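Predicted model, so just to flag it, every value in this text is computed and none were measured. Letters A, B, ... are given to chains in the order of the sequence lines, protein chains preceding strands, and every chain is numbered from 1.
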Amino acid sequence: MFCKPNNYIRPFLIFLFSFVFNFTFINAKEEKASDFSVSELMFHHIKDSHDWHIADIPSGTNPDGTTRYIPIAIHLPWILYSSEKGLDIFFVEGHTEEEQAKSAEQKGYKYHHGEIHETSSGVHVLDLSITKTSLQMLIVALLLIFLFKRAANQYNENPLPKGFASFMEPIMVFVRDEVVKPNLGKHADNFLPYMLSLFFFIWFCNLFGLTPLNSNIAGNISVTAGLAILSFLIINFNGKRDYWEHIFWYPGVPLPVKFIMLPVELVGVFTKPFALTVRLFANISAGHFMVLGLISLIFVFSKGTSISAGLGIAPLSIFFSLFILSLEFLVAIVQAYVFTLLTCVFLGSALEEHHHEEAHH
Amino acid sequence: MEIILPKFGLFFWTVVIFIIYYFIIAKFAWKPILSAIKKREEGIEKALQDAESAKQEIQKMNELTEKIHKEALAEKSRIIKEAEELANQKKQLAEQEASNIKAKKLAEVEQEITIMKNAAITEIKNLVGSLSVEIAEKILKEQLKNPKEQEAFAKAELDKINLN
């Protein structure tokens, strides 16, 4: 029924609609706050939380005259571990931090600014909860597995890709030929699956972050740190003799310089994953901050002056946030590319074996 | 400040989810997809190479055909030339034979003619001899009617003999 161009147009339309919904959901959230604070809104969105809170629907009024809202949200389990209580899994009530803190208090935990302590002993508790971000990450991972498994099955039937596979194949080939092969050379085939996984994971996490589901995955420093640590482990576990020699006993320089180079190189080992962590986190969260800030302008104006001032600024702020969102689509893939590329570059230099030691002298 | 401090829980789940995701997607998606792409690329490369070699083969065949054609032409002209030579030779031979036979026949004829001529000459000679004897007889009979003349003649004749 659908002629070919429609297959390409449909996803774009879906994305365009997602922008529109994004606005409405953010608007709904903001209307709730009687004392509107831009930074609170932003941090609420950027930060990880123990519930997946998408929006609130106004329904009637409370006895004290304020509007009552029904939240569209999912409660997620709190999984805590402490030496005294052991593993503790439970759900708390409420969607604001105060409500959740109150509910956790009843379970015997003190919840304040994301830190959880035991009420009785004050011991810091290990929080392994399935949070909003980890759940979203899991969804992205399952989505990727589902989509690419289906694509793989399709290759079995027909070597010429169709649909999703035909869209993704040039990207996979790009990662293979432009990112992995030039940096890893003969080791390329061993690490190609990992790099593809990394690339598509980051990309789809970023895209998921652009949906109106109150999601921000790669804009969490914990997530980017996790991915960077994995890269760090891969780099250092695969590092060859030359790699370690350059760190601990820099070749081709006089003896005193070797001792100067040692701390420099050693710091370099740890700055690499740190750079990966911060780059991805900062880029993605910055995009989210920009869009949220621009949308918040409407409410800042309407609270500060009048509703009409807010409505007046609305077209401008919608236009700019649309612009930033479109830019974010590019940033989503560019950051995935950069993270994968840098991992490959670092790994490539760790795998490198030069046979020209005398050239250093 | 809170947003730039990593939380262990999320960090932990990121690592766990990513590792599990990696092993599943690598086994069930990347492996078959990459091998399919590779196979296809190799197939394309092989097809291109095959096309190239087929092209070369065709060129070779064309060259061979041309060569054979040329050889055939050369053979043809050679055969024609040979045939011509042979024909010439045969012709010459035949001519020579013919001329030989002719010469032989001519010689035979000549010989016969000579024999016949000789025979004719002999006959003529005989005839002339007998005629001249007859004529001489008649003349002598006429001239030597008187005995004097007979004597003179005999004497003259005898003189001639002496001189010889």
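In this structure, the portion of A/Val173 lying under 4.5 Å from any heavy atom of chain B is its side chain and not its backbone. Contact of A/Phe281 with chain B is made through the side chain alone, with heavy-atom distances under 4.5 Å. In this structure, the portions of A/Leu160 lying under 4.5 Å from any heavy atom of chain B include both its backbone and its side chain. With a 4.5 Å cut-off on non-hydrogen atoms, A/Leu230 touches chain B through its side chain but not through its backbone. Contact of B/Phe28 with chain A is made through backbone and side chain together, with heavy-atom distances under 4.5 Å. Looking at A/Arg176, the atoms closer than 4.5 Å to chain B (heavy atoms on both sides) all sit in the side chain, from C-beta outward. For a residue to count as touching a neighbouring chain, one of its non-hydrogen atoms must lie under 4.5 Å from one of that chain's; by this rule A/Met137 touches chain B with backbone and side chain alike. Proximity to chain B involves both the backbone and the side chain of A/Leu198, based on heavy atoms less than 4.5 angstrom apart. In this structure, no portion of A/Asn153 lies under 4.5 Å from any heavy atom of chain B. The contact between A/Ile46 and chain B is made entirely by side chain atoms (from C-beta outward), counting heavy-atom distances below 4.5 Å. Contact of A/Ile130 with chain B is made through backbone and side chain together, with heavy-atom distances under 4.5 Å. With a 4.5 Å cut-off on non-hydrogen atoms, B/Phe18 touches chain A through its side chain but not through its backbone. Both the backbone and the side chain of B/Leu10 come within contact range of chain A, judged by heavy atoms closer than 4.5 Å.
In this structure, A/Phe164 and A/Phe148 have perpendicular ring planes: the angle between them is above 60°, well past the 30° mark. Using cut-offs of 30° and 60° on the angle between ring planes, the pair A/Phe43 and A/Phe289 is perpendicular.
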Original post:
Passes salt bridge (Lys or Arg N to Asp or Glu O under 4.0 Å), B/Lys39 versus B/Glu42? Steps please.
Top reply: CA-CA 5 Å; B/Lys39 217 167 104 186; B/Glu42 281 168 359; over 6 Å; no
**OP:** Show the numbers, then the answer: is there a ring-ring contact (aromatic ring centres under 6.0 Å, His included) between A/Tyr81 and B/Phe8?
**Re:** CA-CA 12 Å; A/Tyr81 181 82; B/Phe8 182 74; over 10 Å; no
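Annotation: maximal heavy-atom pairing with chain B below 4.5 Å, among A/Leu138, A/Ile217, A/Val223, occurs at A/Val223. Most heavy-atom pairs under 4.5 Å with chain B, from the set A/Thr131, A/Leu142, A/Asp48, A/Thr224: that is A/Asp48. When A/Ala165, A/Ser197, A/Ala152, A/Pro161 are compared by the number of non-hydrogen pairs under 4.5 Å with chain B, A/Ser197 comes out ahead. Comparing A/Ala151, A/Ala141, A/Pro193, A/Gly226 by how many heavy-atom pairs each has under 4.5 Å with chain B, the most go to A/Pro193. When each of A/Arg150, A/Met168, A/Lys47 is scored by its heavy-atom pairs under 4.5 Å with chain B, the top score falls to A/Lys47.
With rounding to the nearest 0.5 angstrom, the NZ atom of B/Lys81 is 12.0 Å from the CG atom of B/Asn88.
Side-chain contact of A/Thr343 with A/Thr340: a donor-acceptor pair under 3.5 Å is absent, judged by distance alone. For the residue pair A/Ser129/A/Asp127, the side-chain donor-acceptor check at 3.5 Å is satisfied.
Residues A/Ser134 and B/Thr14 have side chains not in contact (no heavy-atom distance under 4.5 Å, counting atoms from C-beta outward). Contact of the B/Phe12 side chain with the A/Leu128 side chain is registered, since non-hydrogen atoms from C-beta on lie closer than 4.5 Å.
Ring-centre distance between A/Phe199 and A/Phe174: not below the 6.0 Å cut-off.
Using a distance-only test at 3.5 Å, with no hydrogens or angles considered, a donor-acceptor pair links the side chain of A/Asn216 to the main chain of A/Gly219.
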